[in-house]
Amino acid sequence: LREFKAMRAAGFTMVALADYAHGPLDANYSRQMMTLARQAGFETVVLEGSEHLIAPTVLSNPKVLSEHRKILKQRVQEIYKIAGEVGLKKVYIYGFDEPHNEDEYECNKIIAQVVHACGGQVAVAIIFSSAYAAVQKYIDLPIMNWASMTSDPAAVQRYIAAQKSGKNI
């Protein structure tokens, strides 16, 4: 709790929580983490874990993929119920991290379909502009970093020009 409070005091407005301790998106562990985050003053969290249910390794097995989709749906529904109980305003389910190929794009699409059907939203880190183009229609919160903003050479030139002219971009 102390670390969460320190993050809030430093100005953080949301926190990403790794939800793997008892299997991906375990309801009891999710409750513990979300309660601590809320007690520290956070109203928005990102829960990681869905990528352990919807991964490239299950895409080629329709039976396993179907089972994993059902498990993800059940867990996401429970998480949103808990989020309301602990007073969180927004919970993003984290998608397949830093996608960069067709299978990983497909994982994010499936995760988003399940989460959106439960009334939720999806966040994921994007490291290349081409990946953003591939997943932007189903990711609600793309988490961009320097590499993702500059993987386009023209973007680097725009940034350099803006800096030389004294503008912030």
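Below, all heavy atoms of this structure are taken into account, side chains as well, without hydrogens, waters or symmetry copies.
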Requested in this report: Take T35 and R38, measure what side-chain contact (heavy atoms from CB on, under 4.5 Å) needs, and give me the verdict at the end.
Outcome: CA-CA 5 Å; T35 298; R38 186 65 194 113; 5.8 Å; no
Check whether any side-chain heavy atom of [X] sits under 4.5 Å from a side-chain heavy atom of [Y], and report yes or no.
X	Y	answer
D19	R75	no
E85	M34	no
V115	D140	no
D97	E48	no
L25	L72	yes
Q113	Y138	no
Y94	I143	yes
R69	I110	yes

Query raised in the report: Are the side chain of E51 and the backbone of G49 linked by a donor-acceptor contact shorter than 3.5 Å?
Result: yes
Query raised in the report: Quick one: does Y92's side chain have a donor or acceptor within less than 3.5 Å of a partner on A16's backbone?
Result: no
[X] and [Y]: which non-hydrogen atoms are nearest, and at how many Å?
X	Y	answer
G95	V124	C-CG2, 3.9 Å
A125	P99	O-CD, 3.4 Å
A27	I82	O-CD1, 3.5 Å

[X] side, atom [atom1]; [Y] side, atom [atom2] - distance, nearest 0.5 Å:
X	Y	atom1	atom2	result
L36	E3	CG	CD	10.0 Å
H22	S30	NE2	OG	10.0 Å
K90	Y80	NZ	OH	9.0 Å
K109	I139	NZ	CD1	12.0 Å
L53	E67	CG	CD	11.5 Å
I79	L47	CD1	CG	5.0 Å

**Report entry** Trace of the side-chain contact (heavy atoms from CB on, under 4.5 Å) decision for Q39 with F4
**Finding:** CA-CA 9 Å; Q39 287 173 350; F4 283 155; over 6 Å; no
Query raised in the report: Do V15 and M7 pass the side-chain contact (heavy atoms from CB on, under 4.5 Å) test, and can you show the C-alpha distance, the side-chain angles, and the key distance before you say yes or no?
Result: CA-CA 8 Å; V15 62; M7 291 172 66; 3.6 Å; yes
Requested in this report: Check step by step if side-chain contact (heavy atoms from CB on, under 4.5 Å) holds for I54 and N108.
Outcome: CA-CA 8 Å; I54 307 297; N108 275 302; over 6 Å; no
Query raised in the report: Taking only residues two or more places apart in sequence, or in another chain, which ones meet F12 in a ring-ring contact (aromatic ring centres under 6.0 Å, His included)?
Result: none
Query raised in the report: In terms of hydrophobic clustering (I, L, V, M, F, W, Y; side-chain heavy atoms under 4.5 Å; direct or indirect links), are Y20 and M33 co-clustered?
Result: no
Query raised in the report: With respect to H68, which candidate in V114, L59, V58 satisfies the side chain to side chain contact (heavy atoms under 4.5 Å, CB included) definition?
Result: V58
